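Source: prediction; values computed, not measured.
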Amino acid sequence: MVLDHGTGTVGAGAGESTGEETGERAEGSTAFRVRAAGTEDEATLSVRVTDPDGSLIGGLSGWTWGGCGGIGLLWVRDGCRREGWGTRLLRTAEDEARRRGCSRMVVSSMSFQAPGFYRRHGYVETGRTERLPGGHCDVHFFKRLDGPSAAPRLRVAVVVDIPEEHRDAGQRYEDLVLPLMASHGGRLEQRLRTEDSCTEVHLLSFASREGYEAFVADPRRAEYREQLGDVRLTSRVLEVHEVIG
């Protein structure tokens, strides 16, 4: 598909770019990042391990830039997994990132790949991209390299039942209450609703249990609840964690 514009042409399709085009785009993108961030220390990061015959056992590729390291790919050959190579590759990359002055590391992992691996090595989930093919999601992680990582977020599932005759009022109440989490270190990960709109499921996360308890005790919630009058909402609160594998 090609869109013509007065100052140029925009195209999208399955064709491949020429080496010259790719180089021009890369140079332009790099220049833009340097201007925006004020640093031009971007560099590739690569770690590899081979067996005595020189065959590749595994490797890691990524980048460092502006005090941050990123992992794009970590791979270990079939037959060599569960032997600790992934851990050694990751630690070597982290050590090299520290040597370059990085204080933090980021990585994303598909839900069917290795989120549990990164959690075991001190990475903390910061968000996720949902609704990818096959019902999977891309989980985003962060780790401090200059000190202890933040504690894992407290995750809560709340099931709210709203009487059919009070659906609009109940939904307005939730519209008011859910944003209050932000002032207590909370985040609405997902808000789901049944077809009849009489039940909502909220997936919440908090930086700490104290933040969650402060949200529950927030006096503004009581004020909004009073505005409902005789409307009765029932809810169940479940502390949950992700199941991997």
Leu60 and Trp75: CA distance, side-chain angles, deciding distance, side-chain contact (heavy atoms from CB on, under 4.5 Å) verdict = CA-CA 6 Å; Leu60 180 152; Trp75 168 84; over 6 Å; no

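- Heavy atoms from other residues, nucleotides or ligands lying under 6.0 Å from CZ of Arg91 number 12 at most.
- Here Glu189 pairs with Arg187 in a salt bridge; the nearest charged N to carboxylate O distance falls below 4.0 Å.
- Side-chain atoms of Thr92 come within 3.5 Å of backbone atoms of Arg88 as a donor-acceptor pair (strictly under, hydrogens ignored).
- Atom CG of Asp53 is surrounded by more than 12 heavy atoms from other residues, nucleotides or ligands within 6.0 Å.
- Ion pair Glu213/Arg209 not flagged as a salt bridge, since none of the NZ, NE, NH1 or NH2 atoms sits closer than 4.0 Å to an Asp/Glu carboxylate oxygen.
- The same ILVMFWY cluster, assembled from side-chain heavy atoms under 4.5 Å apart, contains both Leu180 and Leu176.
- Every residue two or more places apart in sequence or in another chain was checked for a side-chain contact (heavy atoms from CB on, under 4.5 Å) with Ser46, and none qualifies.
- The pair Asp218-Arg221 does not meet the salt-bridge criterion, since no charged nitrogen lies less than 4.0 angstrom from a carboxylate oxygen.
- Ring orientation note: the planes of Phe141 and Tyr123 are nearly perpendicular, at an angle over 60° on the 30°/60° scale.
- Atom CD of Glu174 is separated from atom CZ of Arg193 by 9.0 Å, given to the nearest 0.5 angstrom.
- One finds the OG1 atom of Thr129 at 9.0 Å from the CE atom of Met110 (value rounded to the nearest 0.5 Å).
- Under a 4.0 Å N-O distance rule, the pair Arg131/Asp138 does not qualify as a salt bridge.
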